[in-house]
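Heads up, the thing below is written out as C-alpha cells.
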Amino acid sequence: AMRFWMDRGIAGFRIDVVNAIKKAPGLPDKDPHKRGLQFPAELVTKQEGVHTFIQEMHREVFSHYPDCFTVGEGCLTGIEDVARFTNPENRELMMMFHFDIAMLGCGPLGKFDFRKGYRFTIRDFKRVVNRWQLSMQEKNGWTGNYLSNHDQPRQVSRFGSEKTPELRRASARALALLNLTLRGTPFLYQGEECGMTNCRLSKEEWKDFEAINDYAVLQSMMRLPAPLAEKIIVKMTRDNARTPVQWSGGRNAGFTDGTPWMRVNPNYREINIEEDVLRMDSVVNFYKKAIALHHAHPALTLGTYAPVDEKNKRVLAYLRRGETETLLVAINLSDKQAKVSFPRLNARECLLYTHSSDMLDGYSAMSKASVLRPLGIEWNGERPRVYLTDEEHAFARTLLAQAGLQPEQRLITLDPTHRQPTRRWPLAHYAGLVSLLAERDASLRFLPLWGPGEEAEIQELSRLCPAGSLLLP
C-alpha cells in the first residue's frame, strides 16, 4: 500500500502514533479489576519490535524513493525515543514531533490535566527548547518543530499575548521567528501566518470528540463542577485550531459562500489575511521574510545550535553556526521590554527585525547590548520604524482600494504637512505607506501637497521614500 501511494506521486508519509503500531502480545487488558478509565501506556507504546517495523518500511519502501519524506508522531515519546527513530544510522524516519512544548503548564495526564493551572514561565519554555535542541544535536536526531497544529490551541493564545492587537501581532511574528530558526524542520499550521487566535466556542458548539468526552471525564473522575470543566476544555480543545481560516473580513471570513462546519471566529474582521497584508507590521509578510531567511542561510538548516544569555528571564537567545557564518537569534517572549547583552559576540548586521517592515540585509550594525521590544526584537538602526495607528491603517486601505479598483488612476496625493500639527503623521509613516504601495504597483506615483516654508519636510520625505516614487518640482 505504501508503494502504491508513492507511485501515485505523494511526497511521503506522516505516520501517526508511530511508536504504538506494535502492541503487547495477546492484547492483554490493563487492569480489568480496577474501576474507571485507564491508559495502557506500557501495553501499547515502546514495545520491542516497533523499530523492526519501521526499519522494514525504510528497507522496502522509503529507500526506493530518494525524495520520500517521512515524519513520525508518537505518544509519550522522550528524547531517547525520538533520537532512536530519527538517527540516520538506524534507517527509520527522517524526523519526529515531540509534545514537551505543547504540554507546558499541563499535568502528567495531558493537556486537560489542569492541576498546574497551565502556568509556566519563560524560563520553563527556554529549558524545554534548549534541552531538545541540544539533545537532538548530541544524539544526531532530528525533530519536526511546531508551535501549533490541528491538535493544539492556537500558538498566539497559548504562548503569546492577546492584551492588545499590537501585542498579538508581535506574538505571532516572534513565534514565527522562533520556529523558523531552530535546529530541525519547521512545520507551519494554517492560520498562524496571520496570527489567528482561539475561538472560545461554547459547549454546544464543540465538534471535537476528545473535548466532549473529556468534559464528562473531568466531572466524573476529577469531580469538577461543570462550569470549571467547560472553562478548561474551551482553553485547550482542538476545536480552537479547526475553525475556518480567516481569509478576509467578508462573509464567513472569505472561507466559503456556504455554511462552514464550525462557527467562524468572531474576530475575523480584525484578523484575516486580506487585512493583515496591508499592515506595516504584517504577520503574513513577516512569515515570507522569515521563510526566505531560512532558505537563504544554510546555518539555519544545517548549522549547530548554542544557547546564549541563558539566565535571561524574558529573552530566548541562541546561535546557529554554519561553515561560513554564525547567526544570532534573540527573541523577547514577554510582553515587556527586555535588556540583552552579548559581550563576547561581535555581531555585524541585522538580517531581520520582528518590529520592522523591511528585511535589513546588511544595513545596520547591531550593538552588543540592546533593548528588545515586547515579543520580538528591534536593534538600533537608521531606517525609520513604521507603525500605523488604526486611523492611518484605514487610510492605507483606502489608498490601496483606489489603486486596485481604479486601474487607470496611478496618481495618489499625500498631505504630509497638514495645517493642524495634531493631525500630522510622522514622515516615516508616509514613507512606509509609499513604500508599501509602490511595492504592490510599480506604476504608482505620489504627489505630496505642500506650501511655502515646507520645503525641508518635503525633501526629508523624498529622502525616506523609494527613489522616483514622489513627483517633485
Side-chain angles (χ1 to χ4, degrees), residues 145-148 154-162 164-182 186-197 245-247 267 270-297 300-301 315-318 320 327-335 349-364 366 372-379 381 383-389 392-393 396-397 400 428-429 431-433 435-437 439-440:
N145 301 324
Y146 69 95
L147 292 169
S148 59
R154 289 287 177 182
Q155 62 190 45
V156 168
S157 300
R158 184 80 167 91
F159 304 115
S161 174
E162 298 180 65
T164 67
E166 290 74 21
L167 281 176
R168 175 187 60 77
R169 290 189 292 271
S171 297
R173 296 192 302 273
L175 295 172
L177 183 64
L178 172 64
N179 197 26
L180 286 159
T181 55
L182 290 175
F187 282 71
L188 309 182
Y189 183 66
Q190 58 188 21
E192 72 177 66
E193 72 273 26
C194 68
M196 283 180 62
T197 62
V245 174
Q246 294 159 211
W247 292 100
N267 63 17
E270 293 76 41
I271 305 175
N272 62 72
I273 301 291
E274 185 179 77
E275 188 273 347
D276 181 84
V277 296
L278 304 182
R279 304 195 64 91
M280 295 301 178
D281 58 352
S282 167
V283 179
V284 173
N285 293 334
F286 183 82
Y287 264 89
K288 293 178 181 179
K289 295 170 184 176
I291 291 170
L293 185 77
H294 181 88
H295 287 306
H297 294 273
L300 292 178
T301 52
V315 176
L316 172 61
Y318 45 92
R320 298 300 313 279
L327 276 65
L328 166 66
V329 181
I331 305 170
N332 181 3
L333 294 172
S334 75
D335 58 2
E349 60 189 27
C350 187
L351 301 178
L352 182 62
Y353 294 105
T354 57
H355 283 71
S356 172
S357 62
D358 294 318
M359 174 82 78
L360 302 184
D361 191 0
Y363 191 85
S364 62
M366 296 192 302
L372 300 193
R373 293 178 62 88
L375 293 156
I377 177 173
E378 181 178 75
W379 302 93
R383 187 171 297 188
R385 275 62 165 161
V386 181
Y387 309 100
L388 293 186
T389 66
E392 294 163 356
H393 182 246
R397 287 180 61 88
L400 282 172
H429 285 203
L433 181 60
S435 298
L436 175 65
L437 292 169
E439 181 180 347
R440 293 174 64 90

Quiz item: What's the verdict on side chain to side chain contact (heavy atoms under 4.5 Å, CB included) for Y189 and R154, showing C-alpha distance, side-chain angles and the deciding distance?
Solution: CA-CA 9 Å; Y189 183 66; R154 289 287 177 182; 3.6 Å; yes
Quiz item: If you round to the nearest 0.5 Å, how far is CZ of R168 from CG of N267?
Solution: 7.0 Å
Exercise. Could you tell me whether a side-chain N or O of N179 sits under 3.5 Å from a main-chain N or O of F187, the two making a donor and an acceptor?
Key: yes
Quiz item: Please walk me through it: do V156 and E162 pass side chain to side chain contact (heavy atoms under 4.5 Å, CB included)?
Solution: CA-CA 7 Å; V156 168; E162 298 180 65; 4.2 Å; yes
Quiz item: Where do G160 and L175 come nearest, in terms of heavy atoms and distance?
Solution: N-CD1, 4.4 Å
Quiz item: Donor-acceptor pair, R173 side chain versus D281 backbone, under 3.5 Å?
Solution: yes
Quiz prompt | Option from N332, V329, L333 for which side chain to side chain contact (heavy atoms under 4.5 Å, CB included) with L316 holds | solution = L333
Quiz item: Is the closest side-chain heavy-atom distance between P186 and H294 below 4.5 Å?
Solution: yes
Practice problem: Say whether S282 and Y287, considering side chains only, have a donor N or O and an acceptor N or O under 3.5 Å apart. | Solution: no
Quiz item: So, the side chain of Q246 versus the backbone of I271: is there a donor-acceptor pair under 3.5 Å, distance only?
Solution: yes
Quiz item: Minimum heavy-atom separation for T354 to L177, with atom names?
Solution: CG2-CD2, 3.8 Å
Self-check item: Donor-acceptor under 3.5 Å (S161 side chain, D335 main chain)
Solution: no
Exercise. Could you tell me whether a side-chain N or O of E192 sits under 3.5 Å from a main-chain N or O of Q190, the two making a donor and an acceptor?
Key: no
Quiz prompt | Nearest-0.5 Å distance, CG of residue L293 to CZ of residue F286 | solution = 8.5 Å
Quiz prompt | Side-chain heavy-atom pair E193, L188 within 4.5 angstrom cut-off | solution = no
Self-check item: Heavy-atom side-chain proximity of Y318 to T181 below 4.5 angstrom
Solution: yes
Quiz prompt | Between CG on residue D276 and SG on residue C194, distance to nearest 0.5 Å | solution = 6.0 Å
Quiz item: What heavy-atom pair brings V245 and M196 nearest, and what distance separates the two atoms?
Solution: CA-SD, 4.0 Å
Practice problem: Indicate the atoms forming the closest heavy-atom contact of I273 with V284, along with that distance. | Solution: CD1-CG2, 3.9 Å
Quiz prompt | Atom of G195, atom of A172 and distance for their closest heavy-atom approach | solution = CA-CB, 3.9 Å
Quiz item: Closest approach of L300 and R320, non-hydrogen atoms and distance?
Solution: O-NH1, 3.2 Å
